[in-house]
There are 2 protein chains.
Amino acid sequence: IIDVNNIEKTYTETAVPVHALRGVDLQIEAGEFTAIVGPSGSGKSTLLNIIGGLDVPSTGSVVVNGTDISQLNANQLIDFRQKNIGFVFQAYNLIPVLTAKENVEFIMLLQGRSKSERDARVKELLEEVGLMDKMDNRPTQLSGGQQQRVAVARALASKPSFVLADEPTANLDSKSTANLLDIMLKLNQEEGMTFVFSTHDQRVIDRARRVLTLEDGKIVSDIKTKA
Amino acid sequence: IIDVNNIEKTYTETAVPVHALRGVDLQIEAGEFTAIVGPSGSGKSTLLNIIGGLDVPSTGSVVVNGTDISQLNANQLIDFRQKNIGFVFQAYNLIPVLTAKENVEFIMLLQGRSKSERDARVKELLEEVGLMDKMDNRPTQLSGGQQQRVAVARALASKPSFVLADEPTANLDSKSTANLLDIMLKLNQEEGMTFVFSTHDQRVIDRARRVLTLEDGKIVSDIKTKA
Ligand SMILES: Nc1ncnc2c1ncn2[C@@H]1O[C@H](COP(=O)(O)OP(=O)(O)OP(=O)(O)O)[C@@H](O)[C@H]1O
Ligand SMILES: Nc1ncnc2c1ncn2[C@@H]1O[C@H](COP(=O)(O)OP(=O)(O)OP(=O)(O)O)[C@@H](O)[C@H]1O
Ligand SMILES: [Mg+2]
Ligand SMILES: [Mg+2]
C-alpha cells in the first residue's frame, strides 16, 4: 500500500551536508501497526514527512495506493493528503487561534462534511482522548499532553486510510498512553486503519506488530513480532 | 532552599474556571534530585512555572534562597532568574533565528561573561549532549530530540544553583536519556546543583531520590527513595 523506493534526503543548507536518509526501501501493507525506532537524529521524522508527502526526497519515490506522490503538484498533493493520510506531528502544529474542537474539525470543514457529521465526530474523538471538558480551550490553555491528544484526535477526524504519527505519546503519562494505544489498536483491528509511528516509548514498541529500526538514515533491522 | 507556600492557581479565562493548583505546599532543599510525576493536566508545568517565577500564583508565595519572588517587580524577577535558575521548557522555546550555539550562549551574553569563557562553556555543554556537529544549525534544522538537548544545554550554561526541567527527556531515545541523566546526576553530586523535573519517563523516575506525585492540582504523595 505504501511503497518507499530508494529514498535519499540530503540537506545542503548547512556548512556540512547532512545525509538524513541514505537509501531507504520499504513496503507498508494495509492494516499494519508498525513502529519506527532509532536514536535521536536518525531520520525518523524525515522519513515520516516524506512518506506523508510533507517533504520531498532528494532521490527516490514514494507510491501510495498506486499514486506516485512525487509526481503530484502542490494542489494535488494537498488534496491527496486530505483524502488519505492522517498526520500527527512531533511538535503537534495545532492552529493557535482555534480551540481544541475547531482544530479537530478543521480538516472535516475542508472536506465539506455537514455540521451535524462534524459535531458528532469531534465529540466522539475528544471523548475518546478524555478532552471533552477542554474543547473550547485554545492550545495555550492546554497542557503539553493535552495538546498532543488534540493532535491525535485531529489526525483521526477524517477517518484516513492510514495514520503517520511522529512520537505520539512523548508527553503522555502511562494512563493516557495506554488509552491512546487502545484507540489506535481498535481502529487498526476493527476498521483496518494502517498505523506507522515513530516512537522512543517502550510501552508503544511492545504493542507494535512490526518494528523498523533506523540508524544514521538507513534501516538496519525489520522485525515482525507477534504482539 | 525553595519554599512553596499554599500555592493556588486558577485560570478564569475559560467558561469554567480551571483550578490548576489547589493548595500546594512543599520545600525543596539544596542538592535535591526530585521528580514531579502525575497525569497529563495535573498541574506539573504550572507548578514548575510558578516556582521558576515564570508565572504568578493566584494565592500563596514562593520563597527562593530567602527571596519572596512574588514581591519582585518584572525587572528584578528577570534578574533573579538569570542569576539563580536554569529552566528547560516542555516545548523547548528555543530562539528560532539563533543557532544551537547562540541559543546556549545567549544567557551568558546577558550575564556579561567574556567571549573566551562563553566559547569554552558552550563547547563543553554541546559536547556533553552530543551536539558539537550541530552547533551552527538553527532549531528548524534540528530533530525534536536535538532541540530538546539544546534546551537542556542552555539551562545548564549559566551554572545555575537549581534547574527546573519540564519533561526534559520526552523526545529522547534510551541512549540520549541515559546520557542526560548521567550529566544531571554528575552536576548534582559534584557541584550540588539542585534538580527538580517533571517527567512521565520511568527511567528518569527510577533515578530520582524523591518523587512528588501531583493529581488534580494537589500533591498526593511525597516519597524519598534510596535511588
Ligand atoms: N491559560 C489556561 N487557561 C485555562 N486552563 C489552563 C491554562 N493553562 C493551563 N490550563 C489547564 O491547567 C491544567 C494544568 O496544566 P499543566 O500544563 O500544568 O499540566 P501538566 O501536568 O504539565 O500536564 P502534561 O503532563 O500534559 O504536560 C490543565 O488541565 C490545563 O488545561
Ligand atoms: N533543515 C535541515 N538542515 C540540516 N539538517 C537537518 C535539517 N532538518 C533535519 N536535519 C538533520 O537531519 C537528521 C535527521 O533528523 P530527523 O528529524 O529526521 O531525526 P529523528 O530521528 O526524527 O530524531 P528525534 O528522535 O530527535 O526526533 C538530524 O541529524 C537533523 O539534524
Ligand atoms: Mg523526530
Ligand atoms: Mg506539562
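Convention: sequence-line order gives letters A, B, ...; per-chain numbering from 1.
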Shortest non-hydrogen separation from [X] to [Y] and the atoms involved:
X	Y	answer
B:Leu77	B:Gly53	CD2-O, 3.4 Å
B:Asp25	B:Ile219	O-CD1, 4.0 Å
B:Thr225	B:Ala208	OG1-O, 2.8 Å
A:Thr199	A:Val204	OG1-CB, 3.8 Å
A:Thr194	A:Asn188	CA-ND2, 4.4 Å
A:Gly38	A:Ser42	C-OG, 3.5 Å

#### Entry: Over 12 foreign heavy atoms within 6.0 Å of CZ, A:Phe106
no
*Start with the C-alpha gap between B:Val16 and A:Asp133, add the side-chain angles, then the distance that decides, and say whether side-chain contact (heavy atoms from CB on, under 4.5 Å) holds.*
CA-CA 9 Å; B:Val16 180; A:Asp133 60 339; over 6 Å; no
Residues 136-151 of chain A vs chain B, non-hydrogen distance cutoff under 4.5 Å, contacting residues -> A:Asn137, A:Gln141, A:Ser143, A:Gly144, A:Gly145, A:Gln146, A:Arg149
Filtered by a 4.5 Å non-hydrogen cutoff, the part of residues 173-182 of chain A contacting chain B is A:Asp173, A:Ser176
* Report the C-alpha separation of B:Arg22 and B:Asp216 in whole Å, then their side-chain angles, then the decisive distance to 0.1 Å, and conclude whether the side-chain contact (heavy atoms from CB on, under 4.5 Å) test is met. => CA-CA 8 Å; B:Arg22 301 165 185 265; B:Asp216 227 2; 4.1 Å; yes
Value for CG (B:Asp166) from OG (B:Ser198), rounded to nearest 0.5 Å, stands at 3.5 Å
The complete set of salt bridge (Lys or Arg N to Asp or Glu O under 4.0 Å) pairs with one or both residues in residues 4-17 of chain A, sequence neighbours excluded, reads A:Lys9-A:Asp55
Discussion item. Before you tell me yes or no, could you show the steps for B:Phe197 and B:Thr34 under side-chain contact (heavy atoms from CB on, under 4.5 Å), namely the whole-Å CA-CA distance, both residues' side-chain angles and the distance that decides it to 0.1 Å?
Written reply: CA-CA 6 Å; B:Phe197 41 88; B:Thr34 295; over 6 Å; no
Taking a cut-off of under 4.5 angstrom between non-hydrogen atoms, the residues of residues 84-103 of chain B near chain A are B:Gln90
So, the part of B:Lys44 with a heavy atom under 4.5 Å from chain A: the answer is neither
Bottom line for B:Val18: the part with an atom under 4.5 Å from chain A's heavy atoms is side chain
For this session: Under the side-chain contact (heavy atoms from CB on, under 4.5 Å) rule, what do B:Ile69 and B:Phe80 come out as? Steps first, then yes or no, please.
Result: CA-CA 8 Å; B:Ile69 62 175; B:Phe80 184 83; 3.7 Å; yes
Assert top hit (heavy-atom pairs under 4.5 Å, partner chain A, pool B:Thr46, B:Asp201, B:Thr14, B:Asn171) equals B:Asn171
Counting heavy-atom pairs under 4.5 angstrom with chain A, the leader among B:Ser45, B:Pro39, B:Ala20 is B:Pro39
task = Flag the pair B:Glu105 and B:Arg121 as a salt bridge only when some basic side-chain nitrogen lies within less than 4.0 angstrom of an acidic carboxylate oxygen.
result = no
- prompt: Is any NZ, NE, NH1 or NH2 atom of the basic residue among A:Asp119 and A:Lys123 found under 4.0 Å from an Asp or Glu carboxylate oxygen of the other?
  reply: no
